[in-house]
Protein chains: 2
Amino acid sequence: MATGSPRTSTTGENPSGQRRRDAAGTRQLLLDAARRRFAAHGYTGTTVRDIADEAGVNVALISRYFASKEGLFEACLAGAVDELSHAVTENVTLDRLPQIMAEQLAGTGLGSRPNQFLLLLRSSGDERADQIRRNTVRSFAERLASAAGWRPDHPDGDRLMLRAQIALATAFGIVLLRSSTGLEPLSSATPHDLVAPLRDVVDGLLRERGTR
Amino acid sequence: MATGSPRTSTTGENPSGQRRRDAAGTRQLLLDAARRRFAAHGYTGTTVRDIADEAGVNVALISRYFASKEGLFEACLAGAVDELSHAVTENVTLDRLPQIMAEQLAGTGLGSRPNQFLLLLRSSGDERADQIRRNTVRSFAERLASAAGWRPDHPDGDRLMLRAQIALATAFGIVLLRSSTGLEPLSSATPHDLVAPLRDVVDGLLRERGTR
DNA sequence: TCGCCAAGTCAGCAGATGTTTACAACATGC
DNA sequence: GCATGTTGTAAACATCTGCTGACTTGGCGA
């Protein structure tokens, strides 16, 4: 795997297109490497030396730029939350949801897209990071529930929220199975392969058939 | 939390009902503690001293009885696979599936039931253990697919298998969300709460509506 | 050109971690 | 009682891990 996206700078580049001394660029290299490592091996399964090596950067710079391993993890989480929140907008409709989920779960954008989801499932033991994780997951569940007509004071709202959370669980489970086991055909499924089954799941869970 | 189930022996017990020297009992204490720890914190997030302390046993006995931390993990995995295979029988029907899933996911049996599922998602880095995990997950997916009419040479069998794997992903995702985030109402949902949504998921994914 | 500060390197510390080794406590057969 | 094998304990080990402090190197403005 590559050591990360090439640094995009306008001055001081060496022949390979990378700057030799570029704080922002180095920071980003560390973030990218850390996201991959944390997502793949979890927090405790990743060492700062692993990250530094993958980024092609000295270990001590992690402490310099992120204060600590936990700081780096929080930065990764914040970035992932940011991108995901942008992808799954606040006002989703049930009709568009399966397509969005399929693209996010199996998106081919650098192959780094599913990492975002995985990060949300990786506990670091750090209380503040876990708080971010929890809030993010809850926020996503509420967006799903809203798409199904849920409102904070909805009568029988718990039932709908539970179903939204189960739909979210399906998404997380798919990412996890794809990354953690080589389960086929799921692991190689394209967004196009996933959208029809996901539509059936979403419809089955969230499409109201009366109050049932 | 208790240090595990009381040792069941017939001789040499002390006043508290526990034998002071009982290899099989100690082994079991270690297995129970390890299952809880591994499921809750993952392989790398669990130290042998954690396990030994929770079991109330000396650390060195892990090496004695299981050769290594990896050996202990494999033993945990084998036990979990055993219990789960027994719970989800080979010939399941689509009708009974939601009830079985709900009970396995939210079963109150000691509160240790969902751990089994979690263990299947915890990678140890050990190649042999990961092989067990993969094979087990694949076996479960095939049982689900079979319930939906899938056969090894089924025409368009991949489509059905993919859907079965997504159903399995839902199960794993639910366990994960329940344990990893305190997401409500999902985390407190009883088997009874889960069975209706799960039925909708299973029906939506696996119940054939013609060949579609 | 030169001084200065940011960016990067290097070695090492203190604690944690998996494992081993030597030893003590106990139960059992004689 | 005593020898013997089993069970449990304690300490130490080599290595790994996160982090730090002193140092070097490079780039930029004066």
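Each chain gets a letter, A, B and so on, in the order the sequences are listed, and its residues count up from 1. Because only heavy atoms are used, hydrogens play no part in the values below, and waters and symmetry mates are left out as well, while side chains stay in.
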Scan B:Thr46 against the nucleic acid and name what it touches under 4.0 Å (heavy atoms): base, sugar-phosphate only, or nothing.
sugar-phosphate
Have a look at A:Tyr65 and say if it touches a base, only the backbone sugar-phosphate, or nothing, with a 4.0 Å heavy-atom cut-off.
sugar-phosphate
Hey, which of these two, B:Ala24 or B:Arg49, hits DNA chain D nearer its 5' end, going by closest nucleotide?
B:Ala24
For [X] and [N], what is the distance between atoms [atom1] and [atom2] respectively, to the nearest whole Å?
X: A:Asp22; N: D:dC28; atom1: CG; atom2: P; answer: 11 Å
X: A:Arg64; N: D:dG18; atom1: CZ; atom2: C1'; answer: 16 Å
X: B:Leu72; N: C:dT19; atom1: CG; atom2: C1'; answer: 14 Å
X: A:Leu61; N: D:dC23; atom1: CG; atom2: P; answer: 18 Å
X: A:Asn58; N: D:dT20; atom1: CG; atom2: P; answer: 14 Å
X: A:Asp50; N: D:dC16; atom1: CG; atom2: P; answer: 12 Å
X: A:Ile62; N: C:dT9; atom1: CD1; atom2: C1'; answer: 14 Å
X: B:Phe66; N: C:dG18; atom1: CZ; atom2: C1'; answer: 16 Å

Selected nucleotide, minimal atom distance to [X] side chain, candidates [options]:
X: B:Ser63; options: C:dT19, D:dG26, D:dT9; answer: C:dT19
X: B:Val59; options: D:dG18, D:dT7, C:dT19; answer: C:dT19
X: B:Lys69; options: C:dG18, C:dG12, D:dT6; answer: C:dG18
X: B:Thr47; options: D:dG8, C:dT17, C:dT9; answer: C:dT17

Indicate, yes or no, whether a donor-acceptor pair under 3.5 Å links the base of C:dA6 to the side chain of A:Arg21.
yes
Backbone of A:Leu205 reached by a side-chain donor or acceptor of A:Arg163 within 3.5 Å:
yes
Would you confirm whether B:Arg49, through its side chain, and B:Val59, through its main-chain N or O, come within 3.5 Å as a donor-acceptor pair?
no
Looking at D:dG18, I'd like to know if its phosphate oxygens (OP1 or OP2) sit under 4.0 Å from a side-chain N or O belonging to A:Ser68.
no
So B:Val92 and B:Leu144, side-chain contact (heavy atoms from CB on, under 4.5 Å) or not? Walk me through it.
CA-CA 7 Å; B:Val92 205; B:Leu144 262 59; 6.0 Å; no
Do A:Thr181 and B:Arg138 have a side chain donor and acceptor closer than 3.5 Å?
no
Mutual orientation of the aromatic rings belonging to B:Phe73 and B:Phe38 [parallel < 30°, tilted 30-60°, perpendicular > 60°]:
perpendicular
